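Lettering of chains follows the sequences in order, A, B, ..., and the numbering in each one begins at 1. This is a predicted model, so every value here is computed, not measured.
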There are 2 protein chains.
Amino acid sequence: MDTLETRELRYFTAVAEELHFGRAAERLGMAQPPLSRAIQQLERRLGVRLLERNRRGVRLTGAGQVLLHEGRAALDAATAAARRTRRAGGADGAGGPRDRLVLAVKAAASHELLQKLLAAYAAEPGAAEVEVLPSGMCEEEEMLRDGRADVALMHTPYNSLAGFDSEELLTEGQIAILPAGHPLAARTALTTAEVGDIPGLPPARWPRKGTYPPGPGPEIHDQTQLAQLIALGRTMAVFPDSARAWLWSEHAAVPLTDAPPVVTHIAWPAHSHSLALAGLIRTATRL
Amino acid sequence: MDTLETRELRYFTAVAEELHFGRAAERLGMAQPPLSRAIQQLERRLGVRLLERNRRGVRLTGAGQVLLHEGRAALDAATAAARRTRRAGGADGAGGPRDRLVLAVKAAASHELLQKLLAAYAAEPGAAEVEVLPSGMCEEEEMLRDGRADVALMHTPYNSLAGFDSEELLTEGQIAILPAGHPLAARTALTTAEVGDIPGLPPARWPRKGTYPPGPGPEIHDQTQLAQLIALGRTMAVFPDSARAWLWSEHAAVPLTDAPPVVTHIAWPAHSHSLALAGLIRTATRL
DNA sequence: GTCGGTGATACCTGCCCGGTATGACAGGGC
DNA sequence: GCCCTGTCATACCGGGCAGGTATCACCGAC
């Protein structure tokens, strides 16, 4: 009566994202008519109009926008439940509920911190096995929400900590990474305004949620590619100070005086309370 | 394949909570055999043993404990999606997604603050309609999670803010509320140790999640009942300072010197971003 | 031993989910 | 004006699966 079926949420989010019954049905691997009917039934069940069917395509109503957001959260929670339960499969009730942890971390970030953390935690008595899951540029939050990860290293202001518990680990400044030969590479300091629009050296762009922000710079897929393009003098990028660890000799790092500091946090879903996770967090805050 | 159906979650949580297939089936309004089969299918689908069936009852495995927690969260999210969508029913996409807010607040707490907040917000241009939902002693968190409320007034350390966004509104000390005639009522200050075990005046107990903590004091259902029992000299209670607003003449309030301060927050689900909610929060922080 | 209470199995039925075929309707091109 | 295209809705049908009833297998209590 008052709880939605996962199937209904899957169907609705597909239609709401595609704004097109045919494409949504294809994405769901089914035919269009039953999908139309399912959405109608959902609207009748909720007593609310979710979609505005105009002659050309579909538009979300206010209620539809709400359901899209809330439904995504609910679907994430449901898949998280499945993933975390599967992962807990081996462990029987003896100790804590879970004895294996998946830690999501940006491939290019916090390498030293991560090494120290893993080493220190592994030395703890009764430490769980930690699987390090390299994540894309900013998908740690999604990974925690949908259960692909149990805990993550996040970096404000790039990541948002909303909805998670977290502990602060490290604060660092930011640097501009430039080709070593570039005139600005000789400077001892720069401002964000100065590096934001260097003629002939557009800042690199990387995807957020699958789409690239607009701009002239090249589209980056991974950190090696970025390093190469900077070395070739084709682009530049702004990173936390710890990125110096992976710079090449063809790179130059110049501190940005007015960039906001980057704070590394360890973050986890607010409702989780496994012993293994608590141990990892304790270790992290003691570093 | 990797996302659980709400039906499966409903069934499993029922069994996991009852630890008894028959009672769980009755609670679900169905017969026991299909429930048994559904759980078996769920276990097969996840490839994980969830329940340890002994002769004489059922026990949760580690994976089962994980699924109980994660599943409750997922079910809450699903019912929240339904509730909030229904509530957004009237409003069409024009302005913000929602133009009606449900505010959960303990019946006995923060009365002045609440009045000021409602008055100030109602004076705002374009203010949404705010429905005040009186909540039980500590169920604000659950109400936010399952969508009965959109925003809540919470009081640390009684409430936990884990998983929500929040803003601090007010900090206050705590007082012991005693019968006016009691010897200790004449004191100008007390400690938690002193009031914790007054002979003949056991502290009142109220339910957390439906069950009462153990102890000698009377079980309280609402605030009026508590006031009455204190006035009759049968019990005492500890409350934030603002509780003075509803004291009777038969009551005495004595400050507790070493009790942790109570901080009132306005809190909301981290992922929500309606215009109406943002306005209410802005108003609250400006009080 | 028998009996009571547990969860599992066997079998059947009806619903509902999904597929195919088709309709209604609005634009766009010529 | 016409038809053609693309869209979502409707009509109808078949099969899978959820759920009910009856029963079994097992164990503990007395």
Side-chain angles (χ1 to χ4, degrees), chain A residues 1 3-61 63-64 67-68 71 75 78 82 92-93, chain B residues 1 3-61 63-64 67-68 71 75 78 82 92-93:
Chain A
M1 174 59 187
T3 181
L4 295 178
E5 291 302 316
T6 320
R7 190 181 57 92
E8 301 177 292
L9 291 173
R10 251 197 327 265
Y11 289 3
F12 176 75
T13 50
V15 175
E17 282 170 6
E18 300 283 349
L19 291 177
H20 189 289
F21 280 80
R23 280 195 298 275
E26 188 182 9
R27 205 176 92 181
L28 291 165
M30 66 187 290
Q32 170 260 319
L35 179 58
S36 281
R37 200 183 43 186
I39 301 290
Q40 285 173 12
Q41 283 172 348
L42 178 60
E43 286 179 318
R44 220 172 320 127
R45 222 158 75 81
L46 289 173
V48 160
R49 195 134 194 87
L50 299 171
L51 298 168
E52 203 65 59
R53 284 91 155 167
N54 285 341
R55 58 239 178 268
R56 209 74 181 171
V58 176
R59 221 169 46 89
L60 281 174
T61 66
L67 184 56
L68 179 56
L75 282 174
D92 206 48
Chain B
M1 174 59 188
T3 182
L4 295 177
E5 291 301 318
T6 359
R7 190 181 57 93
E8 301 177 292
L9 291 173
R10 249 194 332 263
Y11 289 4
F12 176 74
T13 50
V15 175
E17 282 170 7
E18 299 284 348
L19 291 177
H20 189 290
F21 279 79
R23 281 195 297 273
E26 188 182 7
R27 205 175 92 181
L28 293 165
M30 65 187 291
Q32 169 260 321
L35 178 58
S36 281
R37 200 183 43 185
I39 301 289
Q40 286 173 12
Q41 284 171 348
L42 177 61
E43 286 179 317
R44 220 173 319 127
R45 223 159 74 81
L46 290 171
V48 160
R49 196 133 193 88
L50 298 171
L51 298 169
E52 204 67 59
R53 283 92 156 164
N54 289 337
R55 296 287 160 224
R56 221 69 185 173
V58 176
R59 222 168 45 89
L60 281 173
T61 66
L67 184 57
L68 179 55
L75 283 175
D92 206 47

Out of curiosity, A:Glu17 CD to A:Leu60 CG, how far, rounded to the nearest 0.5 Å?
-> 10.0 Å
Would you call A:Arg10 and B:Glu5 a salt bridge, using N to O less than 4.0 angstrom?
-> yes
Nearest atoms (heavy-atom pairs only) where B:Ile39 meets B:Arg53 = CG2-NH2, 3.9 Å
Can you establish whether the number of heavy atoms outside A:Gln32 located under 6.0 Å from its atom CD is more than 12?
-> yes
Point-to-point distance, once rounded to the nearest 0.5 Å, from CZ of A:Arg49 to OG1 of A:Thr61 = 8.5 Å
In whole angstrom, give the distance that lies between atom CD1 of B:Ile39 and atom C1' of C:dT9.
-> 17 Å
Nearest-Å distance, CD (A:Glu8) to P (C:dC16)?
-> 13 Å
Give the rounded distance in Å between these two atoms: CD of B:Glu26 and P of C:dG5.
-> 14 Å
d(CD, A:Glu5; P, C:dC16) in whole Å = 13 Å
How far apart are the closest heavy atoms of B:Arg7 and B:Ala38, and which atoms are they?
-> NH1-CB, 4.4 Å
note: B:Leu42, atom CG; C:dG7, atom P; distance rounded to Å ~ 17 Å
Heavy atoms under 4.0 Å is the rule here; annotate nucleotides 8-19 of chain D 5' to 3' with B where the base is hit, S where only the sugar-phosphate is, and - elsewhere.
-> BBB-B-----BB
